[in-house]
Student: 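For reference, the structure I am asking about is given below.
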There are 2 protein chains.
Amino acid sequence: MPRPTPPAKEKPTPSPLGAHAEGVTMREVALRAGVSISTVSNVLTGKRERMKTETFERVSAAIAQLSYAPNLLARELKTGFVPIIGLIVPSVANPFWGAFASCMEHEARQRGCHVMLCNSERDVGRELEYAQAMLSRGIRGLILGSSPLSFDHLVGLTERGLKIVAFDRSAQETDLLDMDSVRFDNINGARLAVNHLLGLGHRRIAFVSGPTISCNRIDRLEGFRLAMREAGLEPPASHVWLRNSGSQGGDDDGTEIGRQAALSMLREPDRPTACFAINDQTALGIYSGARELGLHIPHELSVMGFDNISLCRVVDPEVTTIRQPLPELMHEALNLLFGRLDGSLKGPARHLILQPDLVLRGSTAALA
Amino acid sequence: MPRPTPPAKEKPTPSPLGAHAEGVTMREVALRAGVSISTVSNVLTGKRERMKTETFERVSAAIAQLSYAPNLLARELKTGFVPIIGLIVPSVANPFWGAFASCMEHEARQRGCHVMLCNSERDVGRELEYAQAMLSRGIRGLILGSSPLSFDHLVGLTERGLKIVAFDRSAQETDLLDMDSVRFDNINGARLAVNHLLGLGHRRIAFVSGPTISCNRIDRLEGFRLAMREAGLEPPASHVWLRNSGSQGGDDDGTEIGRQAALSMLREPDRPTACFAINDQTALGIYSGARELGLHIPHELSVMGFDNISLCRVVDPEVTTIRQPLPELMHEALNLLFGRLDGSLKGPARHLILQPDLVLRGSTAALA
DNA sequence: ATGAAAGCGCTAACAT
DNA sequence: ATGTTAGCGCTTTCAT
């Protein structure tokens, strides 16, 4: 990216009527108001009790006339305080993470700070690169949405003072890092889903996911297995789909996985009568595959999603799914983060777990 | 947001083995390597030809041992160069803007800079607030995705040196600001859509949109009107839907608008035989409404979307739509922006227009 | 009530 | 080849 054009040799003449303002500094404001630079600073930082009203107004007027805005880089360098929190998600192109980021931004605004949002594309290198860039710019709080399997690469950053709250990931014993986390109870969410299907009479229930590269996937799989086992069922390996779609490029939003799984599983003689998809997009992929095979949802195949993205209500039939209360989660996440940042929260890492709930819609039906 | 905990009184003892590194500075690296601070700087900025290899390696070692990372705030304050471009979109919760942001980030990475992403929620105040914060942090390039009807609120910022490339909006004569822009040819895109429907024999074609609050909406409406007129048709007011869904909250992604429009228009005796929706989400809303009324798509109603979001391929029938080549657009947008930033592009504002194309799928059919 | 001065961590002349 | 120095624009004691 281009460097800025070298500054003009001669000092720019003070603009005629304060019209433009490229690089107006406190000095110029002070000059114009006939006060010292520190008085201007006091106005800026709201310490107006330290001066008489007349002065305050003179300075304010000068600020307005010059349309002066403080250089945040300088201020933040000086104070060490940067009112921004970082947020790293796998990809905002994915509607779930889009909603996630939106909620986060909303909650952060309530607390007077901005959000710096980055996509990791599930690449640890990029995650590290972004986190590093943030910390080096004085950002001290980071929400990590991407939940990689290990946090080891982030150790250096926490040692340099970065506070991290992870989403969807509690530390394991093997972790070098024990960081705060918030998440939904994925095991229980999966259980909710499977129990719903069991309650409808289904026995041949398939689990459809890409590779279990993240903790939530592992947990959802475990919840699936647990619930099945509790019902005395042991799903055959062919009913547990953990494959990548094999599609080229990173464009894979889960839909293709679901489609492939459906096309493969649903042709078998002992085909599942219900599918529990790792997320809503995958569920929609199953819709697509089932349609191609001429199977009617929900009468010939029940489908459950996970996440409750807004798409669920758009398709026919609407997708029965598991809802995760995002705004509450964000609230808790920022409570943790701010607690660490202001030192009010001490001690070992906290791990908050919020309960998801079942959203009953049209994609599941009792077994004929 | 909390301020940082006040720094410890006593100067922190140089850490035992370079283990931690909270606030390691160039001074400490220099000390450890037994060189001056500017030699360290030279290492950092890649001027290794200015020193002998031995020195370079000693400094590098010290950097590694202390896990030193430069303070970007300080560097950027000093140099005035911030390798970040800003991006403001209405809402990343909307899949189109999610994809938009993703493409942007990809293109920016190619050019060695990061993206700072913000949601304006179509609120001029927030847009201004974010743009201001960016400029005050030294960010000098901004891509504006939100295309508000006027840019007047941004005049102050461009005067302070911010370069802006707008998406989906060329300046009007009444604008105070004539900024570079890139966009898709929405008029032509709409024409493509309508001509496709006309070619299938449709005559009663409806236009379905929320209020025409943005330029792309206005253009798509105009394209619709033009194409109809060219075919000698004058759509009745009842076939031009420009209403809000009236749903509470900002959660409105267009789907509800389409649904309401369908429920209302498709009950009339002279109901449209085809709908051209302002975007894909609205098209999906029409799906939902049509389904509720028992109308089959495409045999009883043809539906056209706009944008070609990934959802189009998930629903049944897949949505015929207008594709906009996002990666190309991003490439052009950054060409313009960087041209302005490095001064290689001078003169009046450029307005690039890329042509969209028709993506034929299953939601449109010949009139019976 | 106001101003002078030090310095945040860095880069870039300008010495040596 | 390396070091010294002067700021970038701001906040913050500390004087006055």
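By convention in this document, chain letters (A, B, ...) are assigned in the order of the sequence lines, proteins followed by strands, and residues within each chain are numbered from 1.
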Student: B:Val92 versus B:Phe100: any side-chain heavy-atom pair under 4.5 Å?
Tutor: no
Student: Can you tell me how far C1' of C:dC8 sits from CG of B:Leu73, to the nearest Å?
Tutor: 10 Å
Student: Name all pairs fulfilling the ring-ring contact (aromatic ring centres under 6.0 Å, His included) condition that reach into residues 23-60 of chain A, sequence neighbours left out, sorted by first residue then second.
Tutor: none
Student: Once ring-ring contact (aromatic ring centres under 6.0 Å, His included) is applied, what residue pairs with a partner in residues 104-129 of chain B remain, sequence neighbours excluded?
Tutor: A:Tyr130-B:His114
Student: Listed by chain and number, what are the side-chain hydrogen bond (donor to acceptor under 3.5 Å, both in side chains) partners of B:Glu76, not counting sequence neighbours?
Tutor: A:Arg137
Student: Do B:Leu142 and B:Leu87 have side chains that approach each other closer than 4.5 Å (heavy atoms only, starting at C-beta)?
Tutor: no
Student: Run the salt-bridge test on A:Glu57 and A:Arg48 with the 4.0 Å N-O cut-off and return the result as yes or no.
Tutor: no
Student: Shorter than 3.5 Å, N or O on both sides, protein versus nucleotides 3-7 of chain C: list them out with atom names.
Tutor:
from: C:dG3; atom 1: OP2; to: A:Ser36; atom 2: N; distance (Å): 2.5
from: C:dG3; atom 1: OP2; to: A:Ser36; atom 2: OG; distance (Å): 3.2
from: C:dG3; atom 1: OP2; to: A:Thr39; atom 2: OG1; distance (Å): 3.1
from: C:dG3; atom 1: N7; to: A:Ser38; atom 2: OG; distance (Å): 3.1
from: C:dA4; atom 1: N6; to: A:Ser38; atom 2: OG; distance (Å): 3.2
from: C:dG7; atom 1: N2; to: A:Lys78; atom 2: NZ; distance (Å): 3.0
from: C:dG7; atom 1: N3; to: A:Lys78; atom 2: NZ; distance (Å): 3.4

Student: Looking at side-chain heavy atoms only, is the closest gap between B:Leu66 and B:Arg32 below 4.5 Å?
Tutor: yes
Student: Roughly, in whole Å, what's the span from CZ in A:Arg137 to C1' in C:dC8?
Tutor: 17 Å
Student: Compute the angle between the rotation axes at the two ends of the helix from C:dA1-D:dT16 to C:dT16-D:dA1, each taken over five pairs, rounded to 10 degrees.
Tutor: 40°
Student: Just call it for A:Met26: base, sugar-phosphate, or nothing, with non-hydrogen atoms closer than 4.0 Å on any strand.
Tutor: base
Student: Between B:Thr25 and C:dC8, does any side-chain N or O lie under 4.0 Å from OP1 or OP2?
Tutor: no
Student: What is the distance, rounded to the nearest whole Å, between atom CZ of A:Arg48 and atom C1' of C:dT2?
Tutor: 16 Å
Student: Using side-chain heavy atoms (C-beta onward) and a distance below 4.5 Å, is A:Asn119 in contact with B:Ser102?
Tutor: yes
Student: I'd like the 5' and 3' limits of the part of DNA chain D contacted by chain B, with heavy-atom contacts below 4.0 Å.
Tutor: D:dA1 to D:dG9
Student: Could you tell me whether the side chains of A:Asn335 and A:Arg111 share a donor-acceptor contact shorter than 3.5 Å?
Tutor: yes
Student: Grab the CZ-P distance between B:Phe81 and C:dA12 for me, whole Å please.
Tutor: 11 Å
Student: In terms of side-chain geometry, is the basic nitrogen of B:Glu121 or A:Arg109 positioned less than 4.0 Å from the acidic oxygen of its partner?
Tutor: no
Student: Go nucleotide by nucleotide along DNA chain D from the 5' end; which of B:Leu77 and B:Thr55 gets its closest nucleotide reached first?
Tutor: B:Thr55
Student: If the test is salt bridge (Lys or Arg N to Asp or Glu O under 4.0 Å), which one of B:Arg340, B:Lys346, B:Arg350 qualifies with B:Asp180?
Tutor: B:Arg340
Student: For B:Ala74 and B:Glu49, take the nucleotide of DNA chain D holding the closest heavy atom to each; which residue's nucleotide lies nearer the 5' end?
Tutor: B:Glu49
